[in-house]
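Beneath this line is the structure, given in structure tokens, with notes to follow.
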Amino acid sequence: MDSNSLGLPISDPNAWATAMNNLGMAPLGITGQPLMSDFDPSLGLMTGIAPMNPMLPGLGIVPPPISQDLPIVKEIIHCKSCTLFPPNPNLPPPATRERPPGCKTVFVGGLPENATEQLIMEVFEQCGGISAIRMSKKNFCHIRFAEEHTVDKALFLSGYRIRLGSSTDKKDTGRLHVDYAQARDDLYEWECRQRMLAREERHRRRIEEDRLRPPSPPPIVHYSEHECSQLGEKIKDDSKFPEAVRVLLTWVERGEVNRRNANNFYSMIQSSNSHIRRLMNEKAAHEKEMEEAKEKFKNALSGILVQFEQIVSVFHAASKQKAWDHFSKAQRKNLDMWRKQAEEIRNIHNEELMGIRREEEMEMSDDDMEDVLESKDSDDSGPMAQVEALREENDSLRCQLDAYRNEVELLKQEQSKTQPQRSEEDNTRQQQLSFLQQALQGMQKQLLKIREELKQKDMELEKSTDDKQQLESQIQSLKERIQAFPASHTLPVRIISTFLHVHPFGASIEYICSYLQRLDTKISTTEVETLLGRLPCTFRQELTGVGASLEKRWKFCGFEGIKTA
């Protein structure tokens, strides 16, 4: 920076020293030597500023990143039209308001009166791109930046003193105050950007959910006679059964069943019921395979354990004194390590085999316990539960009987339609007919037994209802007796019971009345004696003493009845 830009001739040292003294800086020459020996920093405009050579180039608006542990040192900033002098580092930092969200606009106060828009652009353009500057007739303005992070750089200039050129006039100097501006445009743009980001996030989440969502099943066809006939064929096919059952369930839930197509739906439900036997057979086959695999694994594991035992026995034989002395030290170390590993693996496999055997024993014991519990439940259950179970079994057997009858009729119709020549299919159908007839006979026998049992249970229920009625009548009589007993006598009876319970040998009526009259003076001896006489199961009068010492005493006997019972 040459001397012409400052507007002061360097050849005149007195003028240069006066200008620097007014700014509160130590007057220095071009070579860096002090021009005034009697310089007093307290007389300048800005005190507490370390002297600095004015000929040094500007250090830039924003300093390089400094560690948070070290204090930030602000330096002098030189521009073409002005110079910025840092504030006193001993003073507290300038106060700022809370940062609004999305703030891009700053308020700049304390500008010189002669400041222009070009000057402000020159000073703050080094912070970042400026979108707009709104000047005011007074000494402040608003600067809107293009990006948010540049606002922090502009706040760094808060507290700096600005001087236009080399003039010391008040109109050419000022103290900058930079703060966040309450700009509604920034807030509106920030809210719009947040809404846009939220929409993008929702859209991205929806796409991810759609990608992870399982494919929807095909739509269910509407009911018609043609679709119903095709569905009846699909239900009989094992490969198409799951899809057909789903369609049948949807039709039934929709309410497609009516009197005209009830037989069709019944036949489809019956066909689906016939698949239960197939599923049970498949389950039994898988259980058999699982049991075979378990048995095979157990046998293989036992064979492996035998070989492990042989290996461990070899190591034990090698560790005996006859063979152990002939091995070297390294060989003995390896043999000992191998023996320990083999024993650990042998123990692990042995525990696994014992666990399998324990599980089998527990399964067998659980089955036995279930049988015992079922027998206990059947013995402990009341007649009502048994009757309900018998009725449910009767209904299920009746439905099975109807299904078997329908199957027999279908087989007879198919047999009548076929040719008189018998083939292997006719033989199988004949066997099926005989099997179904035997099943029908067995079901009929079971129904007869269940009906007899139902009659017996009905008789037992009638007896139990008579017993119930007797109990209810007894309870009602007790309730009437309790209601007949006046409520006002309950408290004296409780007090007398407690009093006589403490006196096991009894007490005279006068003693009892004297105790009660302390609580209630209105109680008389005759009332207490009549009250005790009305409760013979709780209170009993006895004669104690001999001759002239004969005395009537009342005792509490409420617990004696319970003991005898």
Side-chain angles (χ1 to χ4, degrees), residues 58-77 79 81-82 84-113 115-162 174-212:
L59 299 178
I61 295 293
V62 181
I66 303 173
S67 176
Q68 296 181 358
D69 299 333
L70 298 176
I72 298 174
V73 179
K74 296 184 178 182
E75 303 291 344
I76 298 177
I77 302 167
C79 300
S81 304
C82 63
L84 301 175
F85 299 96
N88 188 355
N90 296 326
L91 295 176
T96 57
R97 61 170 65 96
E98 186 178 357
R99 179 169 187 161
C103 181
K104 295 182 183 178
T105 307
V106 295
F107 166 81
V108 182
L111 293 170
E113 293 183 8
T116 60
E117 185 175 347
Q118 184 178 2
L119 176 69
I120 296 169
M121 180 75 72
E122 180 184 350
V123 173
F124 287 93
E125 197 173 18
Q126 300 182 36
C127 298
I130 296 175
S131 300
I133 298 176
R134 190 167 65 251
M135 296 291 295
S136 176
K137 292 181 181 180
K138 297 183 179 181
N139 302 336
F140 69 89
C141 69
H142 289 83
I143 303 174
R144 181 179 173 84
F145 291 97
E147 298 178 359
E148 291 184 21
H149 64 88
T150 55
V151 175
D152 299 327
K153 298 180 181 179
L155 288 175
F156 182 77
L157 298 176
S158 183
Y160 270 81
R161 288 191 176 274
I162 183 171
R175 184 186 179 93
L176 297 180
H177 175 68
V178 186
D179 199 354
Y180 299 109
Q182 300 290 340
R184 295 183 179 179
D185 296 340
D186 295 345
L187 181 60
Y188 177 72
E189 290 180 2
W190 181 80
E191 289 176 351
C192 291
R193 187 166 64 255
Q194 295 299 320
R195 285 194 292 268
M196 183 184 68
L197 294 175
R199 285 196 298 270
E200 291 178 357
E201 182 65 24
R202 286 196 301 270
H203 181 65
R204 193 180 301 109
R205 194 183 301 114
R206 193 180 299 113
I207 291 173
E208 186 68 18
E209 290 176 357
D210 292 340
R211 188 178 65 83
L212 298 176

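Ring geometry for Phe140 versus His142: interplanar angle over 60°, hence perpendicular rather than tilted (30 to 60°). Using a 30° and 60° split on the angle between ring planes, His177 and Phe107 fall in the perpendicular class, above 60°.
Remark: Gln182 engages Arg97, Pro100 in a side chain to side chain contact (heavy atoms under 4.5 Å, CB included) (not counting sequence neighbours). Glu201 pairs by the salt bridge (charged side-chain N to carboxylate O under 4.0 Å, His left out) definition with Arg204, Arg205, not counting sequence neighbours.
Smallest separation of non-hydrogen atoms from Ala154 and Val178: O-CG1, 3.5 Å. Closest non-hydrogen pair, Arg175 versus Pro87, comes out as NH2-CB, 4.3 Å. Closest non-hydrogen pair, Gly174 versus Pro112, comes out as N-CG, 4.1 Å. Annotation for Asp186 and Gly102: closest pair CB-O, 3.3 Å, computed over non-hydrogen atoms.
Here the CG-CG distance, from Leu176 to Leu111, works out to 6.0 Å after rounding to the nearest 0.5 Å. Atom CZ of Arg202 sits about 7.5 Å away from atom CZ of Arg199, to the nearest 0.5 Å. If you take CD1 on Ile143 and CE on Met135, they are separated by 9.0 Å, rounding to the nearest 0.5 Å. In this structure, the separation between CD1 on Ile120 and OG on Ser81 is 12.0 Å, given to the nearest 0.5 Å. Atom SG of residue Cys192 and atom CG of residue Leu197 lie 11.0 Å apart, to the nearest 0.5 angstrom. For the atom pair CG of Leu119 and SG of Cys82, the computed distance is 4.5 Å after rounding to the nearest 0.5 Å.
For Thr150 (side chain) and Glu147 (main-chain N/O), a donor-acceptor pair under 3.5 Å exists by modelled atom type.
Residues Glu209 and Arg206 are not paired through a salt bridge, judged by the lack of any N-O separation under 4.0 Å between the basic side chain and the carboxylate. The pair Arg193-Glu148 meets the salt-bridge criterion, since a charged nitrogen lies less than 4.0 angstrom from a carboxylate oxygen. Between Arg144 and Glu189 there is a salt bridge, with a side-chain nitrogen of the basic residue lying less than 4.0 Å from a carboxylate oxygen of the acidic one.
Residues Asp179 and Thr96 bring no donor and acceptor atom of their side chains to less than 3.5 Å of each other.
Residues Phe145 and Thr105 form no side-chain contact, since every pair of their non-hydrogen atoms from C-beta on lies 4.5 Å or further apart. Taking the side chain as every heavy atom from C-beta outward, Cys141 and Ser136 never approach each other to under 4.5 Å.
No more than 12 heavy atoms of other residues, nucleotides or ligands lie within 6.0 Å of NE2 in His203, so this atom counts as exposed by the packing criterion.
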Yes or no on side chain to side chain contact (heavy atoms under 4.5 Å, CB included) for Ile77 and Phe85, after CA distance, side-chain angles and deciding distance? CA-CA 7 Å; Ile77 302 167; Phe85 299 96; over 6 Å; no
Report the C-alpha separation of Phe124 and Val108 in whole Å, then their side-chain angles, then the decisive distance to 0.1 Å, and conclude whether the side chain to side chain contact (heavy atoms under 4.5 Å, CB included) test is met. CA-CA 10 Å; Phe124 287 93; Val108 182; 3.8 Å; yes
Please step through side chain to side chain contact (heavy atoms under 4.5 Å, CB included) for the pair Glu122 and Thr116, ending with a clear verdict. CA-CA 10 Å; Glu122 180 184 350; Thr116 60; over 6 Å; no
Can you check side chain to side chain contact (heavy atoms under 4.5 Å, CB included) on Tyr180 and Leu155, steps first, answer last? CA-CA 8 Å; Tyr180 299 109; Leu155 288 175; 3.1 Å; yes
